[in-house]
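Take a look at the structure set out below.
Convention: sequence-line order gives letters A, B, ...; per-chain numbering from 1.
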There are 2 protein chains.
Amino acid sequence: MPEGSSEQPKRPNRPTMRDVALLARVAPKTVSRVVNGVPTVDPAMAARVREAARKLGYRPNLTASSLRRGDGRTRSIGMLVEDAANPYSAALIRSVEDIARERGVLVLIGSLDEDPARERELAQEFIDRRVDGLVVVPAGQDQGYLRAEQQAGTCVVFADREPRLLEADAVVSDNRESAVTAVRHLMAAGHRRIGYLGDLASITTAAQRLDGYRHALEVAGLPVADALIRQDLTTEQAAVAATREMLALPEPPTALFTSQNLVTIGCSRALRELGMQDRVAMVGFDDFPLADLLRPGISVMAQDVEAIGTLAARILFRRLDGDRTPPATTVVPTRLIARGSGEIPVAAALAVPAAAVEPPAPEPPAAAARAEGALDV
Amino acid sequence: MPEGSSEQPKRPNRPTMRDVALLARVAPKTVSRVVNGVPTVDPAMAARVREAARKLGYRPNLTASSLRRGDGRTRSIGMLVEDAANPYSAALIRSVEDIARERGVLVLIGSLDEDPARERELAQEFIDRRVDGLVVVPAGQDQGYLRAEQQAGTCVVFADREPRLLEADAVVSDNRESAVTAVRHLMAAGHRRIGYLGDLASITTAAQRLDGYRHALEVAGLPVADALIRQDLTTEQAAVAATREMLALPEPPTALFTSQNLVTIGCSRALRELGMQDRVAMVGFDDFPLADLLRPGISVMAQDVEAIGTLAARILFRRLDGDRTPPATTVVPTRLIARGSGEIPVAAALAVPAAAVEPPAPEPPAAAARAEGALDV
DNA sequence: TGACGTCGAGACCACGTTGTCTCAGGTCGG
DNA sequence: CCGACCTGAGACAACGTGGTCTCGACGTCA
């Protein structure tokens, strides 16, 4: 039998300040000073300390440091998103990470899958590890459980969706107004029967987008038909099915507004499977990669995800730096990107009921791949 | 002026075990026992402690706990990926997170952007926070800098790419063999001039894929032409440009093998801009969302990202549980997914030099959206 | 040369928690 | 009825670090 056969994970013997101090023949406190770059240390002594640290492979323990330090900062923040694998969440994570990096702050990640219980559990886990702050895309309807943590000094900033029953900073898109813009864009192409395909009705932003859809129709004097509204589509498959069902109605919509990117993709897939992608107009909420490579390209209301993440992080750090101004919600503009699918005229849908004939492509030539975009609120 | 106007961020006064102990009239150690669920506590006393904790909003400080605890575990791991916003990295993060969650372990994220210096810096930052382990998609050519940390007890598992100059567990795809499969698939459609468009030559996996490409050609007795090999394409734009240039050669390739998903997308875009997407065959490495929605669908060698992440995490935790078997590399099978682009026959390219005539679509009908896949090594 | 000021290094302790030990009180067998 | 044994709660110290204070050495100037 070789040496050390103890099966239980024994504590790794990492060198500490004490070890470095012993080797450099100084007091531990002096090592601390050198590590923290305190200038009032004899250069020769500092060199000796650094040499000893190098020789031992010493690395400071930030865990212990933050415990003792006056500010108690751990130099880490927590981030709660819908799903780290979702392109929207992924982009958000990355932009927050970039701002955090500027300050040497690390980012902890948690995916919620729209589960309010997970939101609370993970928030608690982050807090138990004493993160300096949180960036949260809430899944639940009530963030009041965070009030005690705010008072205990943990800064919280919300991204994408505003908090409920809690006062805190938030960075969001104007979902309602953007939905209005999207629906009006479809109406401008002559559409009068416009379907709505949406995410979970309980998600604030989904509700706001539906509200915008309804409002746009009402202002235009068009009826809001229940048969043309489908919600709670949480998977691509559900969106495919809902699209098929809606288009099979006696009076099917000639255009669709999809309120989230999985839904948009599912809808797009259904239209292609039915061969109707050039006859039924569609505008989606949220941009996604390759939307411009499809034929027709998918017109979307694009959120500026990077801006949302960057702003949320900047606001969080401003708070951590002592900003005590009242919490505020920052609204980031969205942008309509016309790529073809949203500009299909109503005539295309009415011309051929269900034939195999391809209508002439109503999209701009391929050369103009990146289409123009109009700025909105 | 209100109260506490001290501008400097004062330490938040969070209740500690001592506070709970005082209120419950027990010793701090008893609170510790209750919090940790030690069964040898008088039930009445435990109830009193829990009530006091609830009343004060007490939350244990895992930072202090891990400092004092025998195993020194922080119940957090670090993950170094190429870019958290990239779909491949995002999927990897999510699958690691899911395994970690089962154990109440949180995940710290760091994006490297293929920068070896960042790899070392971030690994160091994670270690300074005493993560229990690391899952690394390395950017650099030498991971020897981690040897000391391994010996100090930090477990490291590599994902997607094997480590260099370091013995550690790794979970990877068989890149070389998969590239051979992809190229042979193109050869099966009659192609003899096959171009290679690849990522940074310094990335291990890119080199392996190029190697497989070369090997497949050599075995088939075909020449390996330098003009048909382009590397170091780090952006979609670079891939677009390289594709254009290669197709403008006097003897252009009739098929392309792209070694990474950004390159695949760039190549796809270039083909569409040239109107050649139905004449030049293409197989990409790495699957990506919407690859099946394009026309033709993009044929790919799909890596099983979820399996790679899940396995890497499981191996990491097995190590943390005390597994001391020698480090090993686990190979995860890839899968050829035929969607149309890879099955375009050589005849399509040779038929029409540069006309506007559309050849009959050589792809399967739209109904069979999810095409068949063959299993490989 | 001596009183004083300055400056840098170390002693000491606390941050919040838990491992270890002690000890009071109870149980049980001889 | 007493000693051995067990049970459960508290005292104490320590994890690795940094804030605070002390103290010796040195320099300055009268």
Side-chain angles (χ1 to χ4, degrees), chain A residues 8-49 52-53 56-75 127-130 152-153, chain B residues 8-49 52-53 56-75 127-130 152-153:
Chain A
Q8 70 279 25
K10 56 186 172 186
R11 184 187 209 92
N13 52 347
R14 219 179 256 283
T16 71
M17 278 194 172
R18 213 179 134 272
D19 300 317
V20 177
L22 248 45
L23 184 60
R25 320 243 256 130
V26 298
K29 179 72 229 207
T30 300
V31 178
S32 168
R33 279 192 261 257
V34 172
V35 167
N36 289 287
V38 174
T40 64
V41 179
D42 179 65
M45 214 170 215
R48 228 165 63 228
V49 168
L56 294 175
Y58 169 75
R59 282 273 94 206
N61 185 335
L62 289 192
T63 287
S65 171
S66 78
L67 183 61
R68 185 62 185 90
R69 270 198 138 85
D71 58 11
R73 293 287 167 78
T74 55
R75 303 174 71 76
I127 285 162
D128 290 355
R129 284 166 179 80
R130 297 297 185 268
Chain B
Q8 69 278 24
K10 57 184 170 187
R11 186 188 208 91
N13 52 346
R14 223 178 252 283
T16 71
M17 277 194 173
R18 215 179 133 272
D19 300 317
V20 177
L22 248 43
L23 183 60
R25 319 243 257 129
V26 298
K29 178 74 229 209
T30 300
V31 178
S32 169
R33 279 192 262 256
V34 172
V35 167
N36 289 287
V38 175
T40 64
V41 180
D42 180 65
M45 211 169 215
R48 229 166 61 228
V49 168
L56 293 175
Y58 169 75
R59 281 273 97 206
N61 185 333
L62 288 190
T63 288
S65 171
S66 79
L67 182 61
R68 186 61 184 89
R69 270 195 138 87
D71 58 11
R73 292 287 165 77
T74 55
R75 303 175 72 73
I127 285 162
D128 291 354
R129 283 166 181 80
R130 296 299 185 267

Atom pair distance, as rounded to whole Å: CZ in A/R68 and C1' in D/dT17: 8 Å
Of the listed nucleotides C/dT17, D/dC15, D/dT17, the one nearest the side chain of A/S65: D/dT17
Rounded distance [0.5 Å steps], CG in B/L62 versus CZ in B/R73: 14.5 Å
Length of the CG-C1' vector between A/L67 and C/dC15, whole Å: 4 Å
Helical stems, DNA chain C - three or more consecutive Watson-Crick or G-U wobble pairs below 3.5 Å: C:1-30 with D:1-30
What are the atom names and distances for every N/O pair under 3.5 Å that joins the protein to nucleotides 7-10 of chain D?
unit_1, atom_1, unit_2, atom_2, d
D/dA9, OP1, B/D42, N, 2.8
D/dA9, OP2, B/T40, O, 2.6
D/dG10, OP2, B/A27, N, 3.2
D/dG10, OP2, B/T30, OG1, 2.4
D/dG10, N7, B/R33, NH2, 2.5

Point-to-point distance, once rounded to the nearest 0.5 Å, from OG1 of A/T63 to CZ of A/R68: 16.0 Å
Straight-line distance of A/S66 OG to A/R129 CZ, nearest 0.5 Å: 13.0 Å
A/S32 vs D/dT17: side-chain N/O to OP1/OP2 distance below 4.0 Å: no
Spacing of A/L56 atom CG relative to D/dG16 atom P, expressed in whole Å: 14 Å
Spacing between A/R18 atom CZ and C/dA11 atom P, to the nearest angstrom: 12 Å
Any B/N36 side-chain N or O less than 4.0 Å from OP1/OP2 of C/dT18: yes
Phosphate contact (C/dT18 OP1 or OP2) by B/R69 side-chain N/O below 4.0 Å: yes
